[in-house]
Amino acid sequence: MKAYDIVVIGGGPAGLAAAAAARENGIERILILERDKELGGILNQCIHNGFGLHTFKEELTGPEYAARYIAKVQEYQIEYKLNTMVVDISPDKVVTTISREDGLVEIKAGAVILAMGCRERSRGALNIPGYRPAGIFSAGTAQRLVNMEGYMPGREVVILGSGDIGLIMARRMTLEGAKVKVVAELMPYSGGLKRNIVQCLDDFGIPLKLSHTVIDIDGKERVKGVTIAQVGPDGKPIAGTEEYIPCDTLLLSVGLLPENELSRGVGVDLSPITSGPVVNELLETNIDGVFACGNVLHVHDLVDYVSEEATMAGKNAARYVRGEFESGTECEAGSIVLCGENGVRYTVPSTVAPARMEDTLTVRFRVGNVYRNCVLCTYFDDECVSRRKKMVMAPGEMENIVLKKKDLLARPELKKITIKIEEQ
Ligand SMILES: Cc1cc2nc3c(=O)[nH]c(=O)nc-3n(C[C@H](O)[C@H](O)[C@H](O)COP(=O)(O)OP(=O)(O)OC[C@H]3O[C@@H](n4cnc5c(N)ncnc54)[C@H](O)[C@@H]3O)c2cc1C
């Protein structure tokens, strides 16, 4: 059986940055496993710009952003295998892969970095009544068809869901000559970034109907139209608000879910909120030497944060391989629990061990509603230690706070850090 110090699963921006960081931290034997025919992950189909403003202080397209990390991986001569799907990871870190070229192969890893990204929620998960006509696509599939394979999914389009992919595709389909009639969003707020609403809908005069959903799909062979309706606070359609919209295409942009089959299979504890692994401040899961980063951990808004987080996972995996810290719950007995309350849905990480952390730790989270003129508060047990005024916070945008090691070491009795939203 071949053995590597670190095996990275997924060759998207998270996997690439993690592998590069592991090499920069002195690890020689690194292997990236990617099921696709090229490195770069979802970025290869994101040909719009807007990537890398934080990391490179430039506006890059998705492929350009990915190319910078691919170049680094190649410069560092990090080994990678394409067209290779990981089908299993055992708790003692034997990674099983399958590929046309090599068949079934087992690889022994010193540490594993999970970087498998996320997948789109499907129509099945929504239970929209109607037949199963042609013309219904997830927004990401439509993006791949248009941007990578040169096919146009349709001409008259309705988009359900206002996540970033839906917003980006509203603009893309318009630029390709389609008429995007409406973007319907179940929630009273958009799930996407504000800048995407402005640049992808407002600039093209595409209406966004909040608190609306598709209640029926018309057409047997091909979509002929959809019926949308307003929904009440309970999320149920309001009788009398139905509107029939003729169209030949329905794009679904109704959420992303971490690819968690491999994580679940190896016994990683998953968060019921993010559906991704529960991790400590090192981004290590409950399984010794198994780390997670990127969209497989929690769905990110900006790829820059993916790269930042993955760099940390790569560095910590390198420290693990060198035996610089011990894993396991007994080593984390002194850990402080991190949690969200009053609208803060979750935190990544979920615990922090002050003795092991770096000088600072960025804790990322999302809020569950739109909050205006509020205060983001951090509590150390019952004591409020920080109040940050926020004009607006929305579920589509990731938020963060930064913890300092010296502050935590100064409070050896501290058990819990809570992040809350409060009124001004
Ligand atoms: C439509 C769209 C628009 C976006 N727009 C922006 C934007 O404007 N600006 C911005 O900053 N960010 C944007 N993002 C977000 C950004 O692209 C993601 O945050 C980032 O790509 C996530 O990186 P990742 O490596 O975690 O996941 P991915 O890029 O999804 O990579 C995961 C990789 O793992 C591989 N994989 C999965 N399972 C296995 C397995 N079992 N075996 C082997 N390989 C496996 C996959 O094939 C894939 O290559 C956008 C995302 C989308 C989808």
Side-chain angles (χ1 to χ4, degrees), residues 7-19 31-56 58-66 69-70 80-89 95-99 107 112-120 138-144 146-148 161 163-172 192-193 195-196 199-200 251 253 255-263 265-266 276 292-310 313 364 396-398:
V7 172
V8 180
I9 304 174
L16 295 169
L31 175 66
I32 303 173
L33 297 166
E34 169 55 55
R35 67 180 169 195
D36 214 336
K37 62 180 191 303
E38 57 200 343
L39 295 173
I42 195 78
L43 292 188
N44 289 324
Q45 66 182 61
C46 300
I47 62 169
H48 57 283
N49 60 3
F51 295 84
L53 284 168
H54 296 260
T55 313
F56 299 110
E58 295 179 57
E59 239 193 308
L60 304 173
T61 63
E64 284 171 335
Y65 187 95
Y69 282 91
I70 294 171
Y80 58 86
K81 279 200 140 310
L82 301 175
N83 301 308
T84 303
M85 172 99 176
V86 175
V87 290
D88 187 56
I89 310 165
V95 176
T96 307
T97 68
I98 193 153
S99 70
I107 300 160
V112 171
I113 301 178
L114 305 171
M116 294 90 74
C118 60
R119 72 161 72 122
E120 294 179 282
S138 73
T141 303
Q143 186 179 50
R144 192 176 174 95
V146 176
N147 293 350
M148 294 185 79
D164 286 315
I165 316 180
L167 300 176
I168 299 278
M169 281 314 288
R171 176 175 65 184
R172 189 84 198 110
L193 291 170
R195 76 170 195 215
N196 282 339
Q199 293 172 7
C200 301
L251 299 190
S253 174
L256 300 167
L257 286 172
E259 285 275 6
N260 56 22
E261 282 73 16
L262 289 174
S263 315
V266 63
C293 55
N295 277 358
V296 82
L297 178 55
H298 58 137
V299 175
H300 290 66
D301 52 356
L302 296 182
V303 73
D304 306 73
Y305 303 144
V306 169
S307 306
E308 215 177 284
E309 188 181 271
R364 300 191 196 280
E397 324 236 345
M398 258 169 47

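Order of appearance sets the numbers: ligands from 1, and atoms from 1 within every ligand. Side-chain atoms are counted along with the backbone in the values below, which use heavy atoms only and exclude waters and symmetry mates.
Close approach of ligand 1 to Ile165 (heavy-atom distance below 4.0 Å) involves ligand atoms 1 (C), 2 (C), 53 (C). Here is the list of ligand 1 atoms found below 4.0 Å of a heavy atom in His48: 3 (C), 4 (C), 5 (N), 6 (C), 7 (C), 8 (O). The contact set between ligand 1 and Met116, taken as ligand atoms under 4.0 Å from a residue heavy atom, comprises 32 (C), 34 (O), 37 (C), 38 (N), 39 (C). For ligand 1, the atoms closer than 4.0 angstrom to any heavy atom of Gly41 are 29 (O), 31 (O), 48 (C), 49 (O). Ligand-side atoms of ligand 1 in range of Asn295: 18 (C), 19 (O), 22 (C), 26 (O), range being under 4.0 angstrom from any heavy atom. The Gly294 neighbourhood of ligand 1 comprises atoms 26 (O), with distances under 4.0 Å to a heavy atom of that residue. Interface atoms of ligand 1 facing Leu262, defined by a heavy-atom separation under 4.0 Å, are 41 (N).
Looking at Arg195 against ligand 1, only its side chain comes within 4.0 Å, counting heavy atoms. With a 4.0 Å heavy-atom cut-off, ligand 1 is reached by the backbone of Thr84 but not by any atom from C-beta on. Contact annotation: for Gln143 versus ligand 1, heavy atoms closer than 4.0 Å belong to the side chain alone. Residue contacts with ligand 1, taken as heavy atom pairs separated by less than 4.0 Å, involve Ala115 solely via the backbone atoms N, CA, C and O. Contacts of Asp301 with ligand 1, taken as heavy-atom pairs under 4.0 Å, involve the backbone alone. Counting heavy atoms closer than 4.0 Å to ligand 1, residue Pro13 contributes atoms from both its backbone and its side chain.
Nearest to atom 28 (P) of ligand 1 among the protein's heavy atoms is Ile42 N, 3.8 Å. Given atom 52 (C) of ligand 1, the protein heavy atom at minimum distance is Cys46 SG, 3.8 Å. Nearest non-hydrogen protein atom to atom 14 (N) of ligand 1 is Phe51 CE2, 3.8 Å. Of all protein heavy atoms, the one closest to atom 35 (C) of ligand 1 is Glu34 OE1, 3.3 Å.
Shortest non-hydrogen contact noted between Asp164 and Leu193 is OD1-N, 2.8 Å. Residues Glu38 and Asn44 come closest through the heavy atom pair CG-ND2, 3.6 Å. Across all non-hydrogen atoms, the minimal contact from Val86 to Ile89 is CG1-CG1, 4.3 Å. Nearest heavy-atom pair across Pro63 and Cys46 is CD-O, 3.3 Å. Nearest heavy atoms, Ser99 versus Asn83: CB-O, 3.2 Å. For Ala313 against Ile113, the heavy-atom pair with the smallest separation is O-CD1, 4.1 Å.
With distances taken over non-hydrogen atoms, the option nearest atom 38 (N) of ligand 1 out of Glu259, Arg35, His54 is Arg35. Across the listed options Leu60, Asn44, Val86, Leu33, Val86 owns the non-hydrogen atom lying nearest to atom 41 (N) of ligand 1. Closest heavy-atom approach to atom 27 (O) of ligand 1 among the candidates Gly117, Gly163, Gly12: Gly117. Of the candidates Val303, Val8, Leu43, Leu43 brings a heavy atom nearest to atom 17 (O) of ligand 1. Scanning Ser253, Gly15, Gly52, Gly10 for the heavy atom closest to atom 34 (O) of ligand 1 points to Gly10.
Using a distance-only test at 3.5 Å, with no hydrogens or angles considered, a donor-acceptor pair links the side chain of Glu34 to the main chain of Asp36.
By the 30° and 60° cut-offs, the orientation of the rings of Tyr65 relative to Phe56 is perpendicular.
Between the CG atom of Leu82 and the CD1 atom of Ile32 there is a distance of 9.5 Å, given to the nearest 0.5 Å.
For the pair Cys118 and ligand 1, the shortest N or O to N or O distance does not fall below 3.5 Å. At a 3.5 angstrom cut-off on N or O pairs, Ala14 counts as close to ligand 1. At under 3.5 Å, not a single nitrogen or oxygen of Asn49, backbone or side chain, sits near a nitrogen or oxygen of ligand 1. Inclusion of Gly40 in the set of residues having an N or O under 3.5 Å from an N or O of ligand 1 is not warranted.
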- Taking it one step at a time, do Val146 and Met169 satisfy side-chain contact (heavy atoms from CB on, under 4.5 Å)? CA-CA 9 Å; Val146 176; Met169 281 314 288; 4.2 Å; yes
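There is a side-chain donor-acceptor pair under 3.5 Å between Glu309 and His298. Side-chain N/O atoms of Asp304 and Thr55 include a donor and acceptor closer than 3.5 Å.
Partner of Asn295 under the side chain to side chain donor-acceptor pair (under 3.5 Å) criterion, chosen from Glu259, Arg119, His300: His300.
Using a 4.5 Å cut-off on side-chain heavy atoms (C-beta onward), Ile47 and Arg172 make contact. Contact check for Leu302 versus Met398: no side-chain heavy atoms found under the 4.5 Å cut-off.
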